[in-house]
Amino acid sequence: MDDTNTAAGLGPDSRPTPAPPEETSQRRRLVDLAALLALLGVTAVVYLTVGDAGFTVITSAVVGLYGTWRARR
C-alpha cells in the first residue's frame, strides 16, 4: 500500500476541497441578505418602541449578532 500523500506528511483525507458551485454561493448571499434585513427590521421596531435612549444599544446588539452569525459561516 504505497500512498504518496502519507510520504509527504499529508493524511489520506487531505485532498483539496472543490470550490462551492455558483448556485450555493448565490444562495448564501441571499440568506445573508435576508438575515441582515430581518435584524434591521427588528432594530427598527425596537427603536420605534424605545426611542432615542436605546439607539446605541440596539445598533451595537445588531452589529454583534450579525457579525457572530456571519463569522461562523
Side-chain angles (χ1 to χ4, degrees):
M1 185 162 116
D2 185 6
D3 190 36
T4 57
N5 285 341
T6 5
L10 301 173
D13 291 341
S14 61
R15 292 180 226 116
T17 56
E22 180 66 28
E23 182 178 303
T24 303
S25 66
Q26 184 178 7
R27 182 174 179 211
R28 283 187 178 176
R29 287 185 202 152
L30 289 174
V31 170
D32 286 345
L33 178 64
L36 180 60
L37 290 176
L39 285 171
L40 287 172
V42 169
T43 302
V45 168
V46 172
Y47 176 71
L48 290 173
T49 305
V50 175
D52 289 337
F55 182 72
T56 304
V57 174
I58 295 165
T59 304
S60 299
V62 168
V63 168
L65 287 172
Y66 184 72
T68 302
W69 183 78
R70 184 81 173 128
R72 72 176 178 86
R73 304 185 103 218

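Among residues two or more places apart in sequence or in another chain, the side-chain contact (heavy atoms from CB on, under 4.5 Å) test is passed with Leu36 by Leu40, Tyr66. Residues that satisfy the side-chain contact (heavy atoms from CB on, under 4.5 Å) test with Val46, not counting sequence neighbours, are Val42, Val50, Ile58.
Linking ILVMFWY side-chain heavy atoms closer than 4.5 Å, directly or via other members, places Leu39 and Val31 in a single hydrophobic cluster.
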